[in-house]
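What follows is a short report on a single structure.
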Amino acid sequence: MEWILLLLLGLAAAILGSIMGLGGGIIIVPALMILSNYSELLSGITPQVAVGTSLLIMIFTGLSSTLAYLKQKKVDVKSGLIFFAGSGPGALFGVWLNQDINVDVFLIAFGAFIIFVSFVLMVRKHIKPLKRSSKGIKRSYVNEYGKTVHYGYHPAVGITIAFFVGMFSGLFGIGGGSLMVPAMILLFAFPPHLAVATSMFLVFLSALISSVSHISLGNVDWYYAMALIPGAWIGGQLGAAINRRLASDTVVILLRVFLIIVGIRLIYQGIMSL
């Protein structure tokens, strides 16, 4: 029963993560922490194992989604590699921060963090992108309506932001897309679909480096991983296909509600355990 539950969890997390460029870890990590209280098989899971296992799954979600988005020609590979120059070291720093974190502190901090992410998702469509700087990298993209959209960023700013995104990825096992997608849209004027696709490419690269660190520290439960990976791979493909055909407003609304509920649940669990 637990195997089927984990398979479905990986599928659902990957679909939602791929649609919005989140990676899916923001669903997997709290789900594992909450399920550990109700399932004998999952009992006793630590924040380190939840995060390490989630980041391993993000490799497959990110790769699956990236391959699908590359076929759609929506991935800005050059920008993704530039951002990775910041997110890679940031992810390793996040792994280091995660090593000795207390369970109760982790639950409260992660609960507060995902509530913040739900707020970011709520306001991102109501904020206009900042005016692009005349300096730095300038890019253009032809959207689905045949209109050429211009966007750009200064590499130093992009790398700095990506470092903190990578840090949260390594610390919480979330993939980092929950922050990078709004940053790309609001700060650098990325078209939304391009931001999501490029974010999944960045999720794949960041998860690759941070999961290796977690594996070396023994923070990956391979039984959980083997159950989650098939759903993550299939979900990454399905999410990319859905993103291409549908507006994600309804999914964003549902995800925001879900994140708020889970965030409150995790904070309550952490406070009651103090």
Given side chains that start at C-beta, do those of Leu228 and Leu7 come closer than 4.5 Å, heavy atoms only? no
To the nearest 0.5 angstrom, please state how far the CE atom of Met226 sits from the CG atom of Leu56. 6.5 Å
Are side-chain heavy atoms of Val95 and Leu217 found at a separation under 4.5 Å? yes
Give a yes or no answer on whether the side chain of Thr53 reaches the backbone of Asp221 with a donor-acceptor pair at less than 3.5 Å. yes
Are Val51 and His214 side-chain neighbours, meaning at least one heavy-atom pair lies under 4.5 Å? yes
Are Leu202 and Leu81 close enough that some pair of their side-chain heavy atoms sits under 4.5 Å apart? no
Nearest heavy atoms of Tyr151 and Pro191, plus distance in Å: CD2-CD, 3.8 Å
Derivation and outcome, side-chain contact (heavy atoms from CB on, under 4.5 Å), residues Ile115 and Phe119: CA-CA 6 Å; Ile115 289 176; Phe119 174 76; over 6 Å; no
Any side-chain heavy-atom pair from Val157 and Leu187 closer than 4.5 angstrom? no
To check you understand the geometry: which heavy-atom pair defines the closest contact between Ile267 and Ala112, and what is its length? CD1-N, 3.7 Å
Yes or no on side-chain contact (heavy atoms from CB on, under 4.5 Å) for Met180 and Val203, after CA distance, side-chain angles and deciding distance? CA-CA 9 Å; Met180 201 63 201; Val203 163; over 6 Å; no
Nearest heavy-atom approach of Ala197 to Lys74 is CB-O, 3.4 Å
How far apart are the closest heavy atoms of Ala225 and Ile57, and which atoms are they? O-CD1, 3.7 Å
Smallest heavy-atom separation, Ala91 atom then Ser206 atom, equals CB-O, 4.2 Å
Should the ring pair Trp96 and Phe93 be called parallel, tilted or perpendicular, given that the plane angle runs from 0 to 90° and is split at 30 and 60? parallel
Ignoring hydrogens and geometry, is there a side-chain-to-backbone donor-acceptor pair from Ser87 to Gly166 under 3.5 Å? no
Gap separating the CD1 atom of Ile59 from the CG atom of Leu205, nearest 0.5 angstrom: 10.5 Å
So, taking the atom named CZ in Phe188 and the one named CD1 in Ile161, what distance separates them when rounded to the nearest 0.5 Å? 4.0 Å
Please say yes or no: joined through hydrophobic side-chain contacts below 4.5 Å, possibly via intermediate residues, are Val212 and Val49 part of one cluster? no
Sub-6.0 Å ring centroid separation between Phe83 and Tyr153: yes
Ile271 reachable from Ile260 in the ILVMFWY side-chain graph, under 4.5 Å edges: yes
CA sep, side-chain torsions, deciding dist, call: Phe84, Ile209, side-chain contact (heavy atoms from CB on, under 4.5 Å): CA-CA 10 Å; Phe84 180 61; Ile209 189 170; 4.3 Å; yes
Does a side-chain heavy-atom distance below 4.5 Å link Leu9 with Ile27? yes
Can Ser140 and Thr148 be counted as having a side-chain donor-acceptor contact under 3.5 angstrom? no
With sequence neighbours left out, what residues match Asp76 under salt bridge (Lys or Arg N to Asp or Glu O under 4.0 Å)? Arg139
Phe190 side chain near Tyr141 side chain, heavy-atom distance below 4.5 Å: no
Quick check against the 3.5 Å criterion: does Gln237 have a side-chain atom that pairs as donor or acceptor with the backbone of Ser65? no
Separation between OG of Ser211 and CG of Asn219, rounded to the nearest 0.5 Å: 11.5 Å
For Leu32 and Leu6: C-alpha separation, side-chain torsions, deciding distance, then whether side-chain contact (heavy atoms from CB on, under 4.5 Å) applies. CA-CA 9 Å; Leu32 289 177; Leu6 290 173; 3.9 Å; yes
At their closest point, which heavy atom of Ser216 faces which heavy atom of Ser213, and how far apart are they? OG-O, 2.6 Å
The reported gap from CE in Met184 to CG in Leu194 (rounded to nearest 0.5 angstrom) is 8.0 Å
Would you call Ile82 and Ile137 a side-chain contact if the rule is heavy atoms closer than 4.5 Å? yes
Please name all residues satisfying side-chain hydrogen bond (donor to acceptor under 3.5 Å, both in side chains) with Ser210, sequence neighbours left out, ordered by chain then number. none
